[in-house]
Structure formats: C-alpha cells, structure tokens
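Residue numbers start at 1 and run along the sequence shown.
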Amino acid sequence: MKRFAVIPAYEPDARLIQVVQQAHGAGFQCLIVNDGSDTSYDPIFEAATPWATICGYEHNQGKGHALKYGFAWLQEHYGISGFTVTCIDADCQHSIADAVRITKAAASHPEALCVGSRLNGSKARIEALVGRFVSNTVFAAATGVNLKDTLSGLRAFDASFIPLLLAAEGKRYEYETNVLLTLARQGITILEYPISTTQNVSPRKRHFNNITDVVRIGLELAKFGGSSLICTAIDLALFQLIVGLFPAGLAWANIAARIASASLNFSINRRRVFGVGEKMGTSLAKYALLALFILACSTMAITWVTSHWETGPLIAKMIVDGALFFVNWTIQRTFIFKKQPNQN
C-alpha cells in the first residue's frame, strides 16, 4: 500500500529538507504544501524537490487550510482508496520512525484515525503542557472521549477518510481539533500511540502560539455547550416570569418555558452547533421525544424537590436542569444531530 506524507510548510528552514529526505527514505511519497510563503523561501522548496512534490498557493491561509489543500490534491490525483495519508510537521517536530509506526497502525486499522500522543517529558515547555492539558480537558468534557494529546499534528489515516476531513471546519490550528470533534461525534475510533517529540523549534519560526490557539480551540468547543446554556437562561427567565404570574401553576410554567426554549435550542443546534445531520423531520421527531423525556424528568424532579426541600422553584429548577444538562447534551450530540458519513 502506498504511503503519502502531507507536509504543510510556511516559510520553512533547512529542516524541511531533512524531513523529506528521511521520510522519502522510509518509503513515503512526500507532498509539501507551501502555505503562502514569501518568495525568498523558494530556494528551500526547490531544494526539497528531489524527494517531494510541491503544491501550494500565494497567500498564507493557515495550517488547517494547507492540510485540506493537500488532502484535496491527493484525492484529485489518486482518489480515496489504496493508500494511507500521514500528516508530518515541517520542522522536525516528529520522528520519522514514529511516523512510520503510526502509518503502519493506520494501514492495520483503516476504520480509525491514528494519532501520535506526545510524551510529557522533562524537556517539554510549560506553556505547551498547559495548553495540552486545557485542550484535552475541554475536549473530554465536550465529547466524552478522553485523549492524551488533542493538539498532536502527527496523524495517519486511510485514504477513505479524505472526504470527511475535507468537510471539517477550520483554516488554522483549530482545524486539527475540529477533525477530532467531527470523528468523536460520529463514533469513529481514534487510536493514540505514544511518540517522542523534539524541542528544537526556534520561537521565531514557530507559527503556533499555544495560548492563542488553545483559546481559539476552546471557542470552537464552546459551540457544543453555548446553545444549551443560552436556551437554559431563556428557559429559567420564562419559568420565573410565569411562576410569578401564576404561583400555583408550577408544572405548567415548566412545560411552557421548556417548549419555548426547546424550539430555539433545536433550531440553533441543528444549524449552528452540530450541523444539519439527518433530514429535518427525522431530527425533529427524535428531538421531540428527547424533549418530552427531559421535560417529564424535570417536571417530576422539580415538584419533588420543592415539596421535600426548603427551596424555591427557581433554585429547584436550576439544580434539576443542571443535573440533566449533560444527559441532554450527550444524547443530542450522539443520536439526534449525528452527521451522516457522506454529509459534507
């Protein structure tokens, strides 16, 4: 089976040549994507041509765009079967021996994305460790999938993954985490393998600011919870308003507030958070069943809490709905708005 290495490069130095020499020697067909580097870097790219094919564009677009450009180039020239694709950084961050090992794993597991998980050695920079920890924690909260290194760029997969990866959002470093989100949401296996990492990247040449990109990644992940939080606030406000007008109608207040907020939640989640997924009617029917289930649980629990605890209805509703939040979120993400495998 053919092995392709996609290597995004923005204003690289001589280490790019070292990477492609070693990768070529290990059996990879290398594709370098020039991510809009200045023309003064042309000699570096030209020096790499004995071991790699060069493609690219004029203006810098970001690592995510460069990766997708490379994937699209492979799809156009080789289709989406019969080879593996491995993403390798241009600055010697990844050991070619590790790349070979991850690639062999991808060939053995064509149904999975194989990711290199960097070891947290004593030489790792503190900002890199913090960034990795934050990203891993938020990713686990958003998806229920625990990964040791959501920021790793060393990844390998079967060519059949290309259409799915081209559909993932993002142009810069958030793209790599968006890929993981997309796969986790669809229940696709993500396999991690421990790898080593070097720390020989000069700050001037490193085009990844850990803190800035972790914030960007966190914002991307926040879409999963933001919609529910907004609608929860609307739900609570309407509930409090109706209870204030009709103190005896606790159950009806909860039902009316939930219908209004659930309608908004469905619209936002379907179009802005999870993607369209299945047909409107199918998604709506599933969502309605879930909403009825959550509503019934919420109404019974609020009634029980207010009658057994010394607490007001608003506090009771906040406690109950907070407990049901992750149940609701997980079911929506996993079953209701799950994208179809061929959906772009």
Using the rule that Ile, Leu, Val, Met, Phe, Trp and Tyr join whenever any side-chain heavy atoms are under 4.5 Å apart, tell me whether Leu191 and Met1 fall into a single cluster. no

Can you get from Ile315 to Leu236 by hopping between Ile, Leu, Val, Met, Phe, Trp and Tyr side chains that sit under 4.5 Å apart? yes

Mind listing the side-chain donor-acceptor pairs of residues 104-114 below 3.5 Å, one per line with the distance, residues two or more places apart or on another chain?
residue	atom	partner	partner atom	Å
Ser108	OG	Lys104	O	3.1

Which residues pass the side chain to side chain donor-acceptor pair (under 3.5 Å) test with Tyr175, not counting sequence neighbours? none

Please list, chain by chain and in numerical order, all residues satisfying salt bridge (charged side-chain N to carboxylate O under 4.0 Å, His left out) with [X], sequence neighbours excluded.
| X | answer |
| --- | --- |
| Arg3 | none |
| Asp235 | Arg258, Lys317 |
| Lys68 | none |

Taking side-chain contact (heavy atoms from CB on, under 4.5 Å) as the definition, give me every residue that meets it alongside [X], ordered by chain and number, with sequence neighbours left out.
| X | value |
| --- | --- |
| Leu289 | none |
| Ala26 | Phe28, Ile96, Val100 |
| Ser37 | Tyr10, Glu11, Pro12, Asn34, Tyr41, Phe45 |
| Leu238 | Ile234, Ala257, Ala260 |

Please set out all donor-acceptor pairs under 3.5 angstrom arising from side-chain atoms of residues 71-81, sequence neighbours excluded.
residue	atom	partner	partner atom	Å
His77	ND1	Trp73	O	2.8

Indicate yes or no: at least one non-hydrogen side-chain atom of [X] is less than 4.5 angstrom from one of [Y].
| X | Y | value |
| --- | --- | --- |
| Leu164 | Leu183 | yes |
| Asp158 | Phe83 | no |
| Cys55 | Ile32 | no |
| Val6 | Ile88 | no |

If you link ILVMFWY side chains whenever their heavy atoms are less than 4.5 Å apart, which other residues fall into the same cluster as Ile259? By chain and number, please. Trp252, Ile255, Leu295

Taking [X] for its side chain and [Y] for its backbone only, find out whether a donor-acceptor pair lies under 3.5 Å.
| X | Y | value |
| --- | --- | --- |
| Thr306 | Thr303 | yes |
| His308 | Trp304 | yes |
| Arg155 | Val85 | no |

Side chains of Tyr57 and Asp35: do they bring a donor and an acceptor to under 3.5 Å? yes

Just by distance, no angles: are the side chains of Thr103 and Thr84 close enough, under 3.5 Å, to form a donor-acceptor pair? no

Taking salt bridge (charged side-chain N to carboxylate O under 4.0 Å, His left out) as the cut-off, I'd like each qualifying pair that reaches into residues 55-64, sequence neighbours left out, listed once. Lys63-Asp89, Lys63-Glu176

